[in-house]
Amino acid sequence: METVAVEVSRRETVVEASRAKEGGEGNTDGHATEVDRTGCTSPLRPLSGLPPGTVAIVESVHGARDLRRRLLEMGFCNRTMVTAIRRAPLGDPIEFFLRGYYVSLRTEEARCVLVSPIPPVSEEERSNPSGLRLRK
Amino acid sequence: MAGCCDGCTILKRDHAKGCGPVPDSREVRRFTVALAGNPNSGKTTLFNGLTGLRQKVANYPGVTVEKKIGLCRLPEGTWIDVIDLPGAYSLVPQSPDEQVAMEVLRGTRSDTRAPDAIIAVVDASNLQRNLYLVSQIIEMGRPLVVVLNMVDVAERRGVRVDAGALERRLGVPVVPVVGHRRYGIPELLRAIGQARVAPVPDWSIRMRVAGIDPMQADIEAHYGWIEEVAAVCQSTALAPGVVESPVRQADEARVHQPTVLPIFRPPTHLSERIDSFLIHRVWGLIAFAFIMGSMFAAMFWLAKPIQSTLSGFIGMIGSVVASHLPGDALQSLVRDGIFAGVGSVIVFVPQIAILFLFLAVLEDSGYLSRAAFLMDRLLSRVGLHGKSFIPLLSGFACAIPAIMATRTIERRRSRLATILVLPFMTCSARLPVYGLLVGTFFAAYGSLIQAGVMLGLYVLGIVFAAAVALVFRRTLLRGQDSGFILELPTYKVPQPSVVGRQVWSNSRQFLTRAGTTIFLICLALWTISYYPRLPQDQAGRLPDEGARAAAQRSYSFAGRLGRTIEPGIRPLGFDWKIGVACIGAFAAREVFVSTLAIVHGTGTDDREENLAASMQADRYPDGRKVWTPLVTASVLLWFVLAMQCLSTVMVVRQETGGWRWPVFMLVYMNALAYVACLSLYQIGSRVWGG
């Protein structure tokens, strides 16, 4: 039962965040400061706003049913880690890395995935190219 | 299906060893396995490795998904059927490919028997996402063998997958394979005999816990199981020992699994280094332009000499054969009907082969999805897909191979929209028509203006294609098509066997399916332009051969049809000669020029200047010029917009699996062309006074 409660509260935050996004966001997607500018204090931001090279954790997926299903099925679930790689030369779509493979999403689709960014990696981690941290 | 027994599509010569004697072979029921897996999991290479040359490619009825069935011999000597299913990410289908894969696996397709066992092909270098489909297949409770493909690629990427551990975890045979080296194939053949039903993991408990949204809970439960499986059998060579993620530590709501985690930072292997060049914002576009340029150049210039040699050769045989036949009608039937018909089918094959050679190499190497990635922005604005680019580009050479190339677009609506606008691309068959008209009526303006007009016609085609695509995607083909979501697979060296089979099977499919109908249309067009014959006494009064040919053509059904429709095309500025030439152009657009030459009585010499002079001098009985600048513009616009090439219509039928879309295409394009030419001529003649 406790787990359910945790889930519910997490989802509510998400809904708030997405409402704030809808209200305050123009076509400024792709800028790192987007979520902050809307005045939302939640650390969640759309995947489309993740600067290339940064890592984030998938928190929730929204959007039309089929799109949402396919995003989940492609592995955007269970708090998985996603790295933004690059935007296509014409600005769209965006390439991501998750679960050991590369996938590209259009900006409007990446907007459906809400993530919480991971703080920048330390020197020790950067020296470890696999990106995995040894347990102490 | 061409086979003679239920579910059997094997060539007849294999029946002796395969199905036994042919009579009542319905009772013969071979063990059938289906190869299922994600796109890019190396399924096709494995299929080729298992079946060799004993395979047959057809289409699933009603859809344009390839049905590939092959024969494979097990070590003990029995033959089994192997079905290569189209690639699928999930059994909840979102594309025609996935729909077919799901239906065959579940045994709900009436045209394909449910497989006795399933071989699930898993890309070892991309274990987690590949295991998602496997987790769905496990739920079906069918005998299963898991193939761990591309273990070499995985090793190179620093990922080692323990097949033994995976086998113990899944409860079914797991065979590591390197498809293109045939490593592991004998073991796989042995394992097929031992296929077992995998125990279904109990994810219902987890689903209840997380159960707010059943769909999400279901997928997350599957992935939860996958993460556990991956943790047990996958190790990363770069970080030996027990590793765990900072995220996992924080995530207390979850069962703690102190094992290997999904790699979350992209590795820097060869594939990534290639990508940093090939999809770089500057170099990537230059490389793209170069690759597309060479593909187009090959289709346009390399195919040309082959085509002219082929059609010249066929024409020559036709003349030789005809010269030994009695009677004018029989000679003409053989020379201008049968051999010309065969020639007009064969002429497409070089371009089809060249385009599919490029396409197969690009697809098998992994570049095709990068090309889509680069171009998607451009095409998504008009509702098309990044993968529409190569077909549209090929359309500038010829719409027929281009429409076949739309098979690479998985999404149904995007694919249909691409097919429907493709004929607006200025194909090479329009060039002789443009060349004649622009060369004749813009001769006074110098070559720069002429080049500008030609360029304008190309641009006009592109503009119409974009506008029409946008309209269709907003109306008839509305809907998101569940998004772009495009995997960028690891680069690999294209397999000659995969490439060769692509080229061969596509050329063959064109010849056997669209080719036969194109041939029949050519015969029909020959008949209406040959019959009825001009009476001898009338022909005898004409001065020369050219005049006789012209009189004959206007006397024939085609000529009468041209006169009959004249009231209908007069508002466009066309006279009956243009009408007859347009009817001739239904065989192929460039036939417009030769038909016009025949009705102008200059058909017997090959000099285009004579035709040009005759056209410039052509007048109505009341003394008005036939070819005013406005009429020329109207005819050019007609050729930009109208759907004249019946061969294209036949290929659309082949590719969409029915008459609905080809008929729609014929009607909408010609209606659009008619309205456009009507507006141009009527408004133009009011403004400039004819």
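Values in this document were obtained by computation on a predicted structure and should not be read as measured data. The basis for the numbers below is simple: all heavy atoms, side chains too, and nothing from hydrogens, waters or symmetry mates. Every chain is numbered from 1 and lettered A, B, ... according to where its sequence line falls, protein lines coming before strand lines.
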Go through the atoms of A/Leu71 and report whether side chain, backbone, both or neither lie under 4.5 Å from a heavy atom of chain B. both
Relative to chain A, which segment of B/Tyr223 carries a heavy atom at a distance below 4.5 Å: side chain, backbone, both, or neither? both
For B/Tyr491, is the NZ or CZ atom of B/Arg370 found under 6.0 angstrom from the centre of its six-membered ring and inside 45 degrees of the ring axis? yes
Against chain A, residues from residues 377-385 of chain B with at least one heavy atom under 4.5 Å, in numeric order, are B/Arg377, B/Leu378, B/Ser380, B/Leu384, B/His385
If the threshold is 4.0 Å, N to carboxylate O, is there a salt bridge linking A/Arg70 and A/Glu73? yes
When you compare the side chains of A/Thr80 and A/Asn78, does any donor N or O come within less than 3.5 Å of an acceptor on the partner? no
Is it the backbone or the side chain of B/Val92 that comes under 4.5 Å from a heavy atom of chain A, or both, or neither? both
Okay, side chain of B/Asn38, backbone of B/Ala88: is any donor-acceptor separation there less than 3.5 Å? yes
Judged by modelled atom types alone, do B/Gln94 and B/Tyr89 share a side-chain donor-acceptor pair under 3.5 Å? no
Treating A/Arg68 as the side-chain partner and A/Val61 as the backbone partner, does any N or O pair qualify as donor plus acceptor under 3.5 Å? yes
Heavy-atom pair of closest approach, residues A/Ile94 and A/Ala110: CD1-CB, 4.4 Å
Pick whichever of A/Arg69, A/Arg65, A/Glu95 has the most heavy-atom pairs under 4.5 Å with chain B. A/Arg69
If you tally heavy-atom pairs under 4.5 Å against chain A, which of B/Thr490, B/Leu133, B/Asn126, B/Leu127 wins? B/Asn126
May I ask you to decide if A/Gly75's main-chain N or O and B/Gln128's side chain share a donor-acceptor pair within less than 3.5 Å? no
Which residues pass the side chain to side chain contact (heavy atoms under 4.5 Å, CB included) test with B/Pro96, not counting sequence neighbours? B/Val65, B/Arg412
With only heavy atoms counted, which part of B/Asp275 is less than 4.5 Å from chain A, the side chain, the backbone, both or neither? both
Taking atom types as modelled, find out whether B/Ser41 and B/Asn149 have a side-chain donor-acceptor pair closer than 3.5 angstrom. no
Check whether B/Leu285 gets within reach of chain A through its side chain, its backbone, both or neither, counting any heavy atom under 4.5 Å. side chain
Can you tell which part of B/Ser369 gets under 4.5 Å to a heavy atom of chain A, answering side chain, backbone, both or neither? neither
